[in-house]
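First the structure, in the form of structure tokens, and then the observations on it.
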Amino acid sequence: ACGSGGGSGSGGGDDVGVTLITKNSSNPFFVTMQEGAKKAGEADGVKITTAAGKEDGDEQTQIAAIEDAIARGDQGILITPNGPGVNPAIEKARDQGLYVIALDTPPDPADTVDVTFATDNFKAGELIGEWTKSQLEGEKATIAMLDLFNDKIISVDYDRDQGFLTGMGIDTKDEKKNGDEDPTGSYDGGDYEIVCNEPTTGAEDGGRTAMENCLTKNPDINVVYTINEPAAVGAYGALQQAGSEDGVLIVSIDGGCDGVKSVKDGVIGATSQQYPVQMAELGVKAIKKIADGGKAPEPTEGLDFYDTGVQLVTDNPAEGLDSIDTTKGTELCWG
Amino acid sequence: MTATTPETGTTSHDGRAPVLSARGLVKTFGRVVGLDGVDFDLYPGEVLAIIGDNGAGKSTLIKAATGAIVPDAGEVRLDGELVNFKRPQDAREAGIETVYQTLAVAPALDIAANMFLGREMRRSGPLGSVFRMLDHKGMRESAGKSMADLGIGTLQNMAQPVETLSGGQRQAVAVARAAAFATKLIVLDEPTAALGVKETNQVLQMIERVRDSGLPVILISHNMPNVFEVADRIHIQRLGRCAGIITPKTHTPSEAVAIMTGATTLEDTPGSVRG
Amino acid sequence: MTATTPETGTTSHDGRAPVLSARGLVKTFGRVVGLDGVDFDLYPGEVLAIIGDNGAGKSTLIKAATGAIVPDAGEVRLDGELVNFKRPQDAREAGIETVYQTLAVAPALDIAANMFLGREMRRSGPLGSVFRMLDHKGMRESAGKSMADLGIGTLQNMAQPVETLSGGQRQAVAVARAAAFATKLIVLDEPTAALGVKETNQVLQMIERVRDSGLPVILISHNMPNVFEVADRIHIQRLGRCAGIITPKTHTPSEAVAIMTGATTLEDTPGSVRG
Amino acid sequence: MSTTSPATPGAETPAPPANTAAEQFAKRRRSPAQRVQHVLHAYPAISPLLVLVVSFLVFTYLNPNFGTLRTQSLILQQVAVVAALAVGQTLIILTAGIDLSVGAIAILAMLFSAKLSADSGLPGPLAVLVGIAVGTAAGAINGLLVTRLRLPPFIVTLGTLSVFTAMALLYSGGQSVQAGAMPDLMVWTGEIVNLGGLRITTGVFMVVLLYVVIGFVLKQTTWGRHLYAVGNDAESARLVGISVNRVLLSVYTIAGLIYGITAWILIGRAGAASPNAAADANLESITAVVIGGTSLFGGRGALLGTLLGALIVGYFRTGLSLAGVDDQWRVLSIGLLVIIAVSIDQWIRKVRA
Amino acid sequence: MSTTSPATPGAETPAPPANTAAEQFAKRRRSPAQRVQHVLHAYPAISPLLVLVVSFLVFTYLNPNFGTLRTQSLILQQVAVVAALAVGQTLIILTAGIDLSVGAIAILAMLFSAKLSADSGLPGPLAVLVGIAVGTAAGAINGLLVTRLRLPPFIVTLGTLSVFTAMALLYSGGQSVQAGAMPDLMVWTGEIVNLGGLRITTGVFMVVLLYVVIGFVLKQTTWGRHLYAVGNDAESARLVGISVNRVLLSVYTIAGLIYGITAWILIGRAGAASPNAAADANLESITAVVIGGTSLFGGRGALLGTLLGALIVGYFRTGLSLAGVDDQWRVLSIGLLVIIAVSIDQWIRKVRA
Ligand SMILES: Nc1ncnc2c1ncn2[C@@H]1O[C@H](COP(=O)(O)OP(=O)(O)OP(=O)(O)O)[C@@H](O)[C@H]1O
Ligand SMILES: Nc1ncnc2c1ncn2[C@@H]1O[C@H](COP(=O)(O)OP(=O)(O)OP(=O)(O)O)[C@@H](O)[C@H]1O
Ligand SMILES: OC[C@H]1O[C@](O)(CO)[C@@H](O)[C@@H]1O
Ligand SMILES: [Mg+2]
Ligand SMILES: [Mg+2]
């Protein structure tokens, strides 16, 4: 009974075993991803076991889940890494012959995993940045930046934040560092003031507290960048309770069905839509293919990950900026 | 099983049925034997003393009889009815008030609160019946009266937490509580151990008053003069068993001590007059 | 301030200096006055009893003298030297052993552990001196001997947690501990309150043995026969003050009780022979 | 002047001469600090109140915005949910227990009522009741486990923390329910009432009501008395004839009911029912209770303290933020301030004379 | 056969006739469950051990990989850090305290030593010592606050939790330090030792050593004895002349030292020093202690229980994961299993006869 070899001897017959490790299991984005992976797994004869961090940023639980996947005898791992702390565990898994694919968030460095299927997060940020710029029409931008973390550096976080500022035409200085911009200056078209960079942990209550903190610093905020839609929901709640939701542009990233509806209702101005089901399906298929002796897909040209695409969703299209309206957005949305 | 005390029947010396009686009580704690098949009877209107060395099983006996512990074997009857006290509450509800040796007070609560614990006075009218509001003032006054009755004069403030009281003051709270609420019988486990001379006399007088009012009393005490002063009958515990039952009329204190310590037996020391 | 007891000087009746003496001790608890300017003296080789009603301040007095509480005012001298006991530990280190009324035992620890608490026996050799290893076996044996000396025969297992002991057994543990370790004097706050007749006699004998070995003893007790049996002098506390100092030779127990309860005063009841 | 302050010791009123040592002692000179300590000691709630007032002044000095009604209302809203949960937590801690499942129960109740009303069109009043019922049932389960299995509350609620959290996520699929999808009554707790500039939600009012009602019950009723007795010394309570298990069961159940009500307040506060809404509620509610002076060993404490405890933390958090203190420095300062605030409180309670 | 089991009550050996009621009682018939309970009661450590063995069998049945040495070593590695922190936590809980800052101290110590060695080229042994010194100092600060200010340990460590966490983040700037940047000795604790198939890290060995040493000290030395006495009844301990403050200060300091050592083990385990490495350490370490049977009220418990408590949680987590149970269901099951495991333990301890 002792001495099990490499990645063989899975517990579930001749199925290929894959573990999907998400950042958490309370964000609809990741729940959708789990469901997508399960469905794809059923179709391809892949047994999917899900695991998740307790909350966004929880690396320890993800590390244990990676180790468990190795011990279980899985062939591959799909992971949305919660931070650089999981890198050594990923390397261990690959040493043991598992195929590791990142979804949603490319690890740093990108070659920590075999391949990443993700949104081009910088572009996703850039799109909402450019849209915001066009809506302001030269008006002064008083900006709240509702980021993911302030105690951890992770690619989705700086890519989206710096992408947004770049889209606005603000000098971001270090492209991998949030908050090092000049607090005031001018963007393409007018003056700007960045009131705050607050962490939200990508969740509603984090978004709300962050927005409240920003509002106490400056009640005249008129542009709110949010890392994702849960954070946007929280931010809106704070604005509403402060009685200052009118005339504020909230922009976000995700494109979940609730988010698209918020765009439709005018709560969110624009959102960059991501495609988590696609990420999951591609990931499952890739591992299946490799298990059957095939080869993994290559990263998209010019990027260090495989781009699963992103589209701007808004009902106020800006000139020269490709976007889809909420009707189309609803067709494509998830959750 | 009733061999140890053959003279104890189910009806009394003067023909009355016992108020509280127990047969064959056994209680072991791991290897330690607390009670080893003990019978006892308490008759109407009497003061029954229980004496015995430290660790003889006195406290365990009254705990088993009042629901504080559940005996391993044996039965307890109240007015001839088999009772099955699972909790002290059951005995309380049957009218049995007990002052346990550990006093059972809530240290952080004040004197009045402790006196009325588990049977609080409520406000009159709907405030009390519907909102179940406490009658703080009434309880303080009543507690003050009870303490004064016991001669505890050093206590003025019924809102003083019990943990700040002197050893004897604390004991007085527990005794006053029992005296105030018993309707069937009172059990006192060393109620005067920490009391001063004056306070002790007060408790002894209280015991006699209670007896005279018709309620029987069980008194555990190491103080032979006290025991011989108030007891009608004396149950002697020794090493977890009953070593005999005597009366102050038939035996002297030193005979009682001799039986209690095993220096002699009831058979060898039948006393001057047979009970 | 020494007006209450004018006859108490700094040197004794027979010319010896007191071992322990206190002057003008005051201790208040909020509105409650525990000690109201109390003086007392303990002379070499004597048994000093402290008597008084519940709440008279007896426990507070000895607590203030042994570092268990810090008095608000007043001073304490040991062998004439001013001492400043901030913690009970300071008094212990000076050779004063005290059995507090609350016993001060750790309920979850066993009998042997409690007997040696704070002064554990260590293994001989480097195991003890370097690794500070406990000598479990030695402590159990020694504890068993001490308990037997006190006549507590019902206890066989020194590894039994103290919380499972009977009231008297528990008290015996505390008394045995003090007897074993005192080098200067022993203070006993109602040491026999929960003890049986036999065990009480044993403690009284122990007190006499200690006195005969030269160590003075302070004994707080409500038991007048016991007090008059062993005490050389009797300090009477009343309402936080010293109501006088008498001796068994000069006064009768009922005179003592009368002074204690305020029925009379020392001036009105000078006793048969002046001390 | 001397006649208007007769209670002050050492006042110049011609007092009767001190005739006992203790009276002399009482009339001794005291340092000004001791006098302050003495006065504060007489009113135990004053000291946390004082901490509040001082921090109000300091933070307003640092940033005048802090003193505005707007900021004050914001703080009340931020604190409301934790303060409400802390009511239940106080009850449980007073019985010498602890509740690690408080956040999980609130989320479970919230998601059940929100999803039921959104998906199956349950009308508002019913949905609110379902939420409260779910909370109550969850609390009762905790209570049953504590009393029947005689497990330490820490273990029971640690277990149900996982169980209830997982149930909530499994039921909701991680989906949040937006305000628009629920009947109006469900989000009524988020409605703003304008009290002359103080913009307060109805939820905040409900929390205040909760404190008044439970505060009354604790101090004035038999049940409250028994709760303290059980927490102070369960064995003594049992011996005097209090049904310890019944008291404990009722405490956990009522705590659950309070969490169920809080779930409703939480929906209003968050403008949505989302599964992460009360993630830090466990530690934060326990913190409010403990800063409020209630002992984790049971039987000692008061509900008013909990409210002040919750407010103090809210003041520190927002005040430092307004003062422009950066996040990590804010975290550091809050840690220090908590220790300082409680030290002051301890110092005042310590006074004896 | 009858002669080989003389200790079994009711065996068929010709016993002397029962001559007292209690003896008769002891010889009564018992149900098989009672007999099992009785045997287990005699050896308190057996019951958690039994839980471990049973779960081993069940999980191996569900997935044979569970039973492999490989998986067993994995569990040991996963559990090691929490088990190490739980040693310090046990000491503190035995004194009726609690430590919420355990994770924060470990992270602080870890980041200090890692960054110092990476940035300023501090040699390995010195860097390790710095880590241990930082941990010890942080523990001593907790101890000083508890003893000097007489604050409840919950408050003190809640405050220092924030303070130490913020310090760690401010010092490190949220950056993690990778293994490659540190001297070899710093990551030595992650080195694998092969014990005939059981591939265990040196860190795991250190944890075992920690248990042996502290277990010995607790049971066999004066200090251990005094620690129990203080936790059991601090006032009594004071009255018998134990220096309560000195004991408490030493306990918090030694706990800090243990956390400092754990920081080193943590670097090896994580292959890096990252500021989020021990986020859940507080609740997890307390959980191990409580599942291990130590009372949160102090004075009762043993270190061996803590080790078994930590292992039980690790078994459940990995076992369910290997069985392919999905995330939320796993969370739910772990909650249930914890309650069940402790119930069994309680049931066994309850037996009196
Ligand atoms: N919970 C318990 N666990 C173990 N042993 C116990 C327990 N309770 C009592 N005992 C033992 O049972 C015996 C009888 O105890 P009990 O308290 O009834 O004595 P007692 O006659 O009341 O003595 P005392 O006069 O000292 O109060 C003692 O040896 C005691 O140690
Ligand atoms: N910590 C405290 N807080 C408030 N009052 C106290 C405190 N300790 C003692 N007292 C009060 O001080 C007075 C003296 O108490 P003390 O314990 O010295 O009495 P005592 O003479 O030992 O009585 P007993 O014979 O009943 O033990 C009592 O009225 C008591 O209530
Ligand atoms: O919290 C950040 C995470 O949230 C998402 O935007 C989904 O809502 C993810 O794409 C991202 O990784
Ligand atoms: Mg007894
Ligand atoms: Mg006393």
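Numbered from 1 within each chain, the chains take letters A, B, ... in sequence-line order.
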Exercise for review: With a 4.5 Å cut-off on heavy-atom pairs, point out which of D/Pro152, D/Ala96, D/Ala166 contacts chain E the most.
Suggested key: D/Ala166

Exercise for review: Indicate the ring-plane relationship of E/Phe297 and D/Phe297, choosing parallel, tilted or perpendicular according to the 30° and 60° boundaries.
Suggested key: tilted

Study note, to complete from the structure: Under 4.5 Å to a heavy atom of chain E? For D/Val163 that would be both

Study note, to complete from the structure: Per-residue tally against chain E (heavy atom, under 4.5 Å) across D/Leu151, D/Thr165, D/Val338 peaks at D/Leu151

Review point. Is there a donor-acceptor pair under 3.5 Å between the side chain of D/Ser172 and the backbone N or O of D/Ala168?
Key: yes

Check your understanding: Does any heavy atom of chain D fall under 4.5 Å from the side chain of E/Ile155, the backbone, both, or neither of them?
Key -> both

Practice item. Provide the closest heavy-atom pair for D/Tyr171 versus D/Phe112 in the form atom of the first, atom of the second, distance. Key: CE2-CA, 3.9 Å

Practice item. Quick one: pull up CH2 in D/Trp329 and CG in E/Leu170 and give me the separation to the nearest 0.5 Å. Key: 5.0 Å

Check your understanding: Do D/Val82 and D/Val313 come within less than 4.5 Å of each other through their side chains, counting heavy atoms only?
Key -> no

Review point. Out of curiosity, D/Thr287 OG1 to E/Leu161 CG, how far, rounded to the nearest 0.5 Å?
Key: 9.0 Å

Point to revise | Separation of D/Leu307 CG from D/Leu311 CG (nearest 0.5 Å) | key: 5.0 Å

Practice item. Answer yes if the side chains of D/Asp99 and D/Tyr252 hold a donor-acceptor pair under 3.5 Å, and no otherwise. Key: no

Point to revise | Interface moiety of E/Ile98 toward chain D, non-hydrogen atoms closer than 4.5 Å | key: neither

Exercise for review: Go through the atoms of E/Ile340 and report whether side chain, backbone, both or neither lie under 4.5 Å from a heavy atom of chain D.
Suggested key: neither

Review point. Got D/Asn245 and D/Arg150 here, is their nearest side-chain heavy-atom distance under 4.5 Å?
Key: yes

Point to revise | residues 330-337 of chain E: residues contacting chain D (heavy atom under 4.5 Å, by number) | key: E/Val331, E/Leu332, E/Gly335, E/Leu336

**Study point:** Most contacts with chain D, counted as non-hydrogen pairs under 4.5 angstrom, among E/Asp327, E/Thr160, E/Leu283
**Key:** E/Leu283

